> 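Shown below is the structure under consideration.
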Amino acid sequence: MEETTKSVDQIFGENVFDDATMQQRLPRKTYQKLKEIIREGKDLDLETANVVAHEMKEWAIEKGATHYTHWFQPLTGVTAEKHDSFITAPMENGKVLMSFSGKELIKGEPDASSFPSGGLRATFEARGYTAWDPTSPAFIKENATGPILCIPTAFCSYTGEALDQKTPLLRSMEAVNKQAIRLLRLFGNTTSQRVTSSVGCEQEYFLIDREKFLQRKDLIYTGRTVIGAMPPKGQEMDDHYFGSIRERIGAFMKDVNETLWKLGVPAKTQHNEVAPAQHELAPIYETSSVAMDHNQLMMETLKKVAYRHGLQCLLHEKPFDGVNGSGKHNNWSLTTDDGINLLDPGKTPHENMQFLLVLSCILKAVDDHAALLRQSAADVGNDHRLGASEAPPAIISIYLGDQLADVVDQIIATGSADHSLEGSKLMTGVSTLPDFMKDATDRNRTSPFAFTGNKFEFRMVGSEASIGNPNIVLNTIVAEAFSDAADELEKADDFDLAVHDLIRKQIIDHQRIVFNGNGYSDEWVVEAEKRGLPNIKTMVDAIPALTADDSVAMFEKFGVFTKTELESRSEVEYETYSKKINIEAKTMIDIISKQVIPAVIKYTTVLADSITSVTAAVPSADVSTQREKLTEVSKLLTEANKALEELVKVQKEAEAIEEMERRAHATCDKVVPAMAAVRTPVDELEMLVDKEYWPMPSYGDLLFEV
C-alpha cells in the first residue's frame, strides 16, 4: 500500500517544539510564565525550567530522539553541537532512566578555547557556556545519528564575553526595540509594547554533480575553483534565469522544502538564478534571531539534501569565475507587537510624519556608519563578488525609488512635501489581459541598500555568511539614530514643529547617501568619491571599521559589544581572511604542481613525439601548425611555472608573519595578486591542451552537466 503524502500544513513544524506544542504540553501556569519571561526578558527560574525540560524531553523521545544538543553559532560561520544522551547512571537493576533537567536545558559547557575568540580565551582556558535562548524554538534534526533534540543557545566565555553571533544579535534587538518605543511614545502610541527587527533572507547557491566535485581539489578544499576557463556559453543568453527547473534539481528542491518545513523554516520561493547551475531559495519574514537560526538550518539542509541526490551544493560567493556569484539579500524591517510596520510609508508618505522620521533616521544611520555597514557584509568570498557588475558595488548608498525620492526632494527644496507620486495603471495593450495598478516606484538591483516598499533590502551580504553581523549592525546603528532623535524631541516644547525640523535637517545632512542611479557604472564611482562616500574594496580594508572610535562608542553605549569583544572579533576577521586565502594558495600550488604541470608536460611530449613521427614518415609534411601549438603551450607552461614559483615564495612569506593584521595585509596585497598571475596562463592552457589530458572537469562539465 502506498504511503499517503502529507500536505504542507500537516508537516510544517512537526519537528519543532513551538508555541502551539508548548501550549498543548505544558501546564497552563508554566506556559504563561514562560511566555512572560520571553516577552519581558525576565530571568528563567529553575522550577519553570524543570517543567519545560521534562516536557521537551518527553516530546523529543516520542519523536525517536535519544540525544540532545545545545545548538550554537560560534565565529566560524557555521553551527556547532555536542550530543548528550538522555540516559542517567544505571540503576541497581541494570536499567537506565531517561531524564533531562532544567539545569541541563538552561546551561551547557563546550570547550571555549577551540573556537575562534580573537585572544579572549587561551588554549589552557577551556571553559565556556551555552545558554538557552527561549525566543527561538527547540527542534528535532534528523540525520544518520538519529533524531537529535537541538536547543538554540547563546555562547559566551567564562568571563562573560560573547563568542557567537546570537548573543550580540539579541542585544542589538533589545537596543533598537527600546529606542523605537521611545519614538512611538512621542507620536502618541501607547499600545505597542515591543518593536522587533524582522528579516527575510534570500539564499543563492550552486548545484553541481558530486562525482565531478570530487575530481576538483579546489572545490573540495576551498569551495571555489581557483583555476578554470570559461566554456563557450556562460550566462549571456539569460536562458537559465527563472527557466524551467530540471527534473533532478526539482526532486532536490522538493526534498529541501519538506525537510525545512518540518523544521518550521517557512521556505517559500524557489527558482533558477542568473548563472548556469545557480538557484535561489527564499523564506517568509521572521524575527531576526529566528531568521538567523533558520538561515543556518537552510544552508545545512541544502548541503545535506544535495548529498542525498548525488549533488554538491556550493555556497561560496564566487565558485566560478566569469559568471555571477551568489549573495544573500537581507530584507530588514521593524514591526511592533501589534502589527505596525515602521517602514510602511502608507498611501501618502508625504503626510506620514512617523514614517518620514524613521526614514530620515535610517539615512543618518547608514551615512554615519557606512564603513561599518560595509564591514558587516565583508568576507573572503565577497571580495570576488562586490562591484563585479553582478552585485552591489563596494560603495554603500541608499536607493529610495521615485516616490520617496520625490518626497525627499520636496522636503529639501521647500521644507515640506505636499504630495506623493502615485502608481498608475499598467496598460498591456492586449484586450484579454487585465490592466492593473503598478507600484509608484521601480526597483534597483544595483543598490546595496534599497527601499522596496515596506522594508530595506541589504544586498551586499554574501551567500556563505551568517546574517548575524549585518543585522547586529543594522539594528544598532538605527537604535543610535532613534536615540539621538528621541533625545532631541523629548525636550521640545512644540513636538510637531520639532519633528518637522528634525526630519528636514537629517535629510539635508545625509542626502549624499541617497543614489537612485546605476550602481554598476564607472560614473557612480567618481560621483561617490566626490560625495565623500567610502569605497572599501576588500575585507581587509573593511575590518578597521569594527574598532573605530565611533563604532566602539556606539556599541558600548547600547550594550551590544564591549571594546574587548570588538577587538577580539577584529582579530578573528584578520585570522579568518589569512587562513582562508592561505588554504586557497596552497591548494592552487598543489593542483598546478601535481596535476596541471605534469598533464601539460605529458601533452607536449605526445605532441612533440607526433611531430617527430610525422616528419620521419613524411619529411615533406607541413607540421607548422603542430609546432606553433607546441611553442604556444610551452611558452604558457613556462609562464605558469614562473608565476607559480612567485606564489610559493609570497605564500610562505605571508604564512610566516605571526601578527594577524600584518599577515592579512600581506596576504591581500601579495598572495591574492600572485594567485591571479598563476591563473591567467593556466586558464589559457586549458583552452589549448587536449581535454583527454586535462586533469579535472572543466567549467562546462560542472555548470551544464547536472
Side-chain angles (χ1 to χ4, degrees), residues 165 168-169 172-173 176 196-204 280 282-289 291-292 294-295 298 317 325-335 341-343 358-359 361-379 381-383 385-387 390-401 404 443-481 510 513-516 519-520 528 533-536 539 542 545-546 551:
Q165 301 285 5
L169 179 60
S172 74
M173 292 170 66
V176 77
T196 303
S197 63
S198 301
V199 174
C201 182
E202 304 165 33
Q203 179 70 56
E204 294 176 343
E280 182 177 299
I284 300 171
Y285 285 80
E286 298 178 283
T287 301
S288 295
S289 56
M292 181 175 72
H294 283 175
N295 182 251
M298 183 180 289
E317 284 76 16
S326 296
K328 185 181 297 188
H329 302 162
N330 189 92
N331 294 279
W332 175 87
S333 63
L334 295 170
T335 310
N341 185 342
L342 301 190
L343 296 181
V358 169
L359 178 66
C361 285
I362 291 174
L363 295 183
K364 177 181 186 296
V366 174
D367 189 23
D368 285 348
H369 296 285
L372 182 62
L373 190 57
R374 164 68 179 90
Q375 187 281 326
S376 75
D379 63 49
N382 241 4
D383 281 4
R385 171 178 165 263
L386 294 180
E390 61 178 80
I395 305 164
I396 293 287
S397 66
I398 294 179
Y399 170 79
L400 293 180
L404 291 187
R443 299 181 68 178
N444 188 329
R445 62 173 297 147
T446 72
S447 174
F449 198 70
F451 186 75
T452 54
N454 59 3
K455 58 184 170 56
F456 276 98
E457 182 181 24
F458 187 30
R459 296 174 59 88
M460 266 190 174
V461 186
S463 55
E464 197 170 24
S466 165
I467 64 170
N469 285 336
N471 289 292
I472 291 166
V473 170
L474 275 173
N475 291 339
T476 311
I477 64 177
V478 171
E480 181 188 54
H510 302 285
I513 202 70
V514 177
F515 178 65
N516 287 337
Y520 291 166
L533 300 178
N535 185 1
I536 304 172
M539 175 181 175
L546 265 179
S551 298

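As the structure is a computational prediction, the values presented were derived from the model and not from experiment.
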> With Asp368, which residues qualify under side-chain contact (heavy atoms from CB on, under 4.5 Å), at least two apart?
Lys364, His510
> Quick check against the 3.5 Å criterion: does Asn330 have a side-chain atom that pairs as donor or acceptor with the backbone of Phe458?
no
> Is there a donor-acceptor pair under 3.5 Å between the side chain of Glu457 and the backbone N or O of Asn331?
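Such a contact is absent between Glu457 side chain and Asn331 backbone.
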> Where do Ser466 and Met292 come nearest, in terms of heavy atoms and distance?
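In this case the closest contact between Ser466 and Met292 is OG-SD, 3.9 Å.
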> Would you give the length of the straight line joining atom CG of Leu334 to atom CE of Met173, rounded to the nearest 0.5 angstrom?
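Going from CG on Leu334 over to CE on Met173, the span is 10.0 Å.
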> Can you name the closest pair of heavy atoms from Ile398 and Ile362 and give their distance?
CD1-O, 4.2 Å
> List for me each residue that meets side chain to side chain donor-acceptor pair (under 3.5 Å) alongside Thr446, sequence neighbours excluded, and say none if there are none.
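Side chain to side chain donor-acceptor pair (under 3.5 Å) check on Thr446 returns Asn444.
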> For a quick test of reading the model, state the closest non-hydrogen atom pair linking Ser172 to Asn471 and the distance between them.
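It is OG-O, 4.0 Å.
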> Return the set of residues passing side chain to side chain donor-acceptor pair (under 3.5 Å) with Gln203 (not counting sequence neighbours), or none when no residue passes.
Asn295, Lys328
> Using the side-chain contact (heavy atoms from CB on, under 4.5 Å) criterion, which residues pair with Ala465? Sequence neighbours excluded.
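Checked Ala465 against side-chain contact (heavy atoms from CB on, under 4.5 Å); matches are Asp379.
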> Sequence neighbours excluded, which residues qualify as side chain to side chain donor-acceptor pair (under 3.5 Å) partners of Ser197?
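Ser197 satisfies side chain to side chain donor-acceptor pair (under 3.5 Å) with Ser288, Asn475 once adjacent residues are dropped.
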> Looking at residues at least two apart in the chain, or sitting in another chain, which of them share a ring-ring contact (aromatic ring centres under 6.0 Å, His included) with Phe515?
Trp524
> What closest approach, in Å, do Ser333 and Asn341 show between heavy atoms, and which atom pair accounts for it?
CB-OD1, 4.2 Å
> Check whether any side-chain heavy atom of Pro283 sits under 4.5 Å from a side-chain heavy atom of His294, and report yes or no.
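No - every pair of side-chain heavy atoms lies 4.5 Å or more apart.
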> What closest approach, in Å, do Ala542 and Ala378 show between heavy atoms, and which atom pair accounts for it?
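In terms of heavy atoms, the two residues are closest at CB-CB, 4.0 Å.
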> Nearest heavy-atom pair of Arg459 and Ser447: which atoms, and what distance?
CD-O, 3.1 Å
> Would you say Val478 and Trp332 make side-chain contact, with heavy atoms under 4.5 Å?
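Sidechains of Trp332 and Val478: in contact.
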> Could you tell me whether the side chain of Asn382 and the main chain of Ala377 form a donor-acceptor pair under 3.5 Å?
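Between the backbone of Ala377 and the side chain of Asn382 there is a qualifying donor-acceptor contact (under 3.5 Å).
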> Taking C-beta and beyond as the side chain, do Ile513 and Leu533 meet within less than 4.5 Å on heavy atoms?
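Yes, at least one pair of side-chain atoms sits under 4.5 Å.
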> Sequence neighbours left out, what passes side chain to side chain donor-acceptor pair (under 3.5 Å) with Glu464? Give chain and number order.
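Residues passing side chain to side chain donor-acceptor pair (under 3.5 Å) with Glu464: none at all.
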> Nearest 0.5 Å please: distance from the CG atom of Asn454 over to the CG atom of Leu342.
11.0 Å
> If we ignore hydrogens and angles and just use 3.5 Å, is the side chain of Glu204 paired with the main-chain N or O of Gly327 as donor and acceptor?
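Flag set: sc Glu204 to bb Gly327 pair under 3.5 Å.
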> A side-chain contact here means heavy atoms from C-beta on lying under 4.5 Å apart; do Arg374 and Pro534 qualify?
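Arg374 vs Pro534: side chains apart.
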> Would you give the length of the straight line joining atom OG1 of Thr476 to atom CG of Leu373, rounded to the nearest 0.5 angstrom?
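The distance works out to 11.0 Å.
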> Do Thr335 and Thr196 make a side-chain contact, defined as non-hydrogen atoms from C-beta onward lying under 4.5 Å apart?
no
> If you round to the nearest 0.5 Å, how far is CD1 of Ile396 from OG of Ser376?
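Spacing of OG (Ser376) from CD1 (Ile396) equals 7.0 Å.
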> So, using side-chain contact (heavy atoms from CB on, under 4.5 Å) as the criterion, who are the partners of Pro168 when residues are at least two apart?
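For Pro168, the residues satisfying side-chain contact (heavy atoms from CB on, under 4.5 Å) (neighbours in sequence not counted) are Ala162, Asp164, Ile472, Val560, Phe561, Arg569.
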> Would the distance check show the side chain of Arg385 and the main-chain N or O of Met460 forming a donor-acceptor pair, the cut-off being under 3.5 Å?
yes
> Which value, rounded to the nearest 0.5 Å, describes the distance between Tyr399 atom OH and Phe449 atom CZ?
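Tyr399 atom OH to Phe449 atom CZ measures 14.5 Å (nearest 0.5 Å).
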> Rounded to the nearest 0.5 Å, what's the gap from CD1 on Ile284 to SG on Cys201? Could you check?
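Going from the CD1 atom of Ile284 to the SG atom of Cys201 covers 14.0 Å.
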> Does a side-chain heavy-atom distance below 4.5 Å link Leu359 with Phe456?
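Yes, side chains in contact.
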> Looking at Asp367 and Leu363, would you say the former's side chain and the latter's main chain have a donor-acceptor pair under 3.5 Å?
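No, the answer is negative, given that no donor and acceptor are paired below the 3.5 Å cut-off.
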